[in-house]
*Asks:* 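Please see the structure below; I have some questions.
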There are 2 protein chains.
Amino acid sequence: MPTPPGRRPRRAAPSRQPLTQELVVETAIAVLDAEGLEAVTMRRVAQELGTGPASLYAHVSDKQELRELMLDRVAAEIRLPAPPDPARWREQLKEIAMEVRRVYTSHRDIAKVSMGLIPTGPHLLAVAEAQLALMIAGGVPPKIAGLAVDTLGMYIDADAVEDTFYTAAVKGDEDPWEHFKKYLDQIRDYYKALPPDRYPNIVSLVDDLTDEGGAERFEFGLDVLLRGVASYIEDGGGA
Amino acid sequence: MPTPPGRRPRRAAPSRQPLTQELVVETAIAVLDAEGLEAVTMRRVAQELGTGPASLYAHVSDKQELRELMLDRVAAEIRLPAPPDPARWREQLKEIAMEVRRVYTSHRDIAKVSMGLIPTGPHLLAVAEAQLALMIAGGVPPKIAGLAVDTLGMYIDADAVEDTFYTAAVKGDEDPWEHFKKYLDQIRDYYKALPPDRYPNIVSLVDDLTDEGGAERFEFGLDVLLRGVASYIEDGGGA
DNA sequence: ACCTGAACACCGTTCAAGT
DNA sequence: ACCTGAACACCGTTCAAGT
């Protein structure tokens, strides 16, 4: 039987755009932004494109590759300082780190993908290149700079993951930030109720330990790191 | 029909031990050690205990709780320096960090669980307590010490995750370390083939950037961090 | 109180078949 | 070359029913 005239095709909008890797990655990021990294499944992305999960495999080799492509696309939003100023290498390194953190946390828990990953995408490499250039220009020994870019990346990823950890799972209408603060209050009460003879310092430093201040804590860690890196400028690199 | 005499029960060994939380956690760690964190599913742990997944929910509230219980049980293996020596606070802080790293990496990718988690288990709290005690005794301002224990924890977790990232997925008879080195060789070739005009520093520092030396890199980052922390001893904490 | 079978609503990936 | 339906071998969690 032929399909009668005026009958619509099998699906309402069968992805009028042809599938491309770009479209797949874009759609995946849309799901990420709306519902977090866990919601980015092959099936969910395919559904959003009006197709089945098998169709994605013509454009990405597997879910891990899709995640890495998403990360590098997000990394494209990172604005690097132009022009780089070697005299202000520490400040500019700090600016880059805070900018990376801003971009990562603006895309839910995308930082989980970066965690422990050796950068290969063009935009992630551009960030590493900028960091290296600043340190070399600032007089940091090359070997130290090579290790430091790694350490710095680890620190940024870890902080961004931490920042989104307790808000990532929040679903529906609840305010993620309120949710996190409520959780932190519980932790504070728990720490206060700890036996002071076994955990004297935790109990007495409870407010410092549970101070949420994300940005302040991040900057502190950055200062610690960069003070440490700077201390290698004079000598050859021994501890 | 009654079961004939000498007939074995429905299953060969229907978990002769009654199920307890301890037994569930122990079994989960056995699966972790053998096959990595991804293999630790409710169904897999239940199977190992000769029962169904639903049975575990009488002893752990969900998979996340099981993971946190696993982490604190692993943390029980961390040997803290006794007695603590305030005069050697930096060395001892470094020793603790390296010991935590040793214990974490000896249990596959368990560090992924720690990543971004506020410690609540008794053994994890004992580690934080020891770190705080050393810094306070060493003259680090309390507020700085509170932030530093966080930064230090983030750094240790990030390094341990990185260390196990590319070996966690290795299955079967392949040597995980060989697998990782082969992967690093690919990265090195990739970096070498990058356009030098866009990524001059990455290309020229390729060997420093792809030097696997896990322990050396970790120690360097630790030194950077602790140099930074120590720099706060004189003054009040400004950047 | 503890345990279970069965079901629910999902996963990632493969593959033969279609266009 | 690209896309698809269907299948395979899994997930975490719930719940009524059993002991």
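Lettering of chains follows the sequences in order, A, B, ..., and the numbering in each one begins at 1.
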*Asks:* When the C1' atoms of C/dC2 and D/dA17 are considered, how many whole Å apart are they?
*Replies:*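 These two C1' atoms come out 13 Å apart once rounded.
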*Asks:* Any chance you could encode DNA chain C as dot-bracket? Rule is Watson-Crick or G-U wobble with both distances under 3.5 Å; [ ] for pairs crossing earlier ones, | for another strand.
*Replies:* ||.|||||...|||||.||
*Asks:* Taking the ring of B/Y199 and the ring of B/Y191, is the distance between their centroids below 6.0 Å?
*Replies:*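 That pair fails the under 6.0 Å test.
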*Asks:* Taking OP1 and OP2 of D/dC3, is either one under 4.0 Å from a side-chain nitrogen or oxygen of A/H59?
*Replies:*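 The answer is yes; a side-chain N or O of A/H59 sits under 4.0 Å from OP1 or OP2.
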*Asks:* Can you tell me if A/E26 has over 12 outside heavy atoms packed within less than 6.0 Å of its CD?
*Replies:*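 Atom CD in A/E26 is packed in, count exceeds 12.
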*Asks:* Say whether, by atom type as modelled, one donor and one acceptor occur between the side chain of A/S106 and the main chain of A/V103 under 3.5 angstrom.
*Replies:*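 Pair found, side chain donor or acceptor close to backbone of A/V103.
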*Asks:* For nucleotides 14-19 of chain D, read 5' to 3', which letter fits each nucleotide if B means a protein heavy atom sits under 4.0 Å from the base, S means only the sugar-phosphate is that close, and - means neither?
*Replies:* BB----
*Asks:* Any donor-acceptor pair under 3.5 Å linking the side chain of B/D62 with the backbone of B/E65?
*Replies:* yes
*Asks:* What's touching nucleotides 8-11 of chain C from the protein side, N or O pairs under 3.5 Å?
*Replies:*
from	atom 1	to	atom 2	distance (Å)
C/dC11	OP1	A/T41	OG1	3.3

*Asks:* Roughly, in whole Å, what's the span from CD in A/Q47 to P in C/dG12?
*Replies:*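 Checked: the CD to P distance equals 12 Å.
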*Asks:* Measure the shortest side-chain to side-chain distance between B/M98 and B/L222 over non-hydrogen atoms and say whether it is less than 4.5 angstrom.
*Replies:*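 They are in side-chain contact.
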*Asks:* Write down the distance separating the C1' atoms in C/dC11 and D/dA7, rounded off to the nearest Å.
*Replies:* 14 Å
*Asks:* Provide the closest heavy-atom pair for B/M154 versus A/D159 in the form atom of the first, atom of the second, distance.
*Replies:* CE-N, 3.6 Å
*Asks:* Let me know the distance between CG of B/L56 and C1' of C/dG5, rounded to the nearest Å.
*Replies:* 14 Å
*Asks:* Let me know the distance between CZ of B/R67 and C1' of D/dG12, rounded to the nearest Å.
*Replies:* 12 Å
*Asks:* Give a yes or no on whether the backbone of A/T27 and the side-chain of A/E48 come within a donor-acceptor separation of less than 3.5 Å.
*Replies:* no
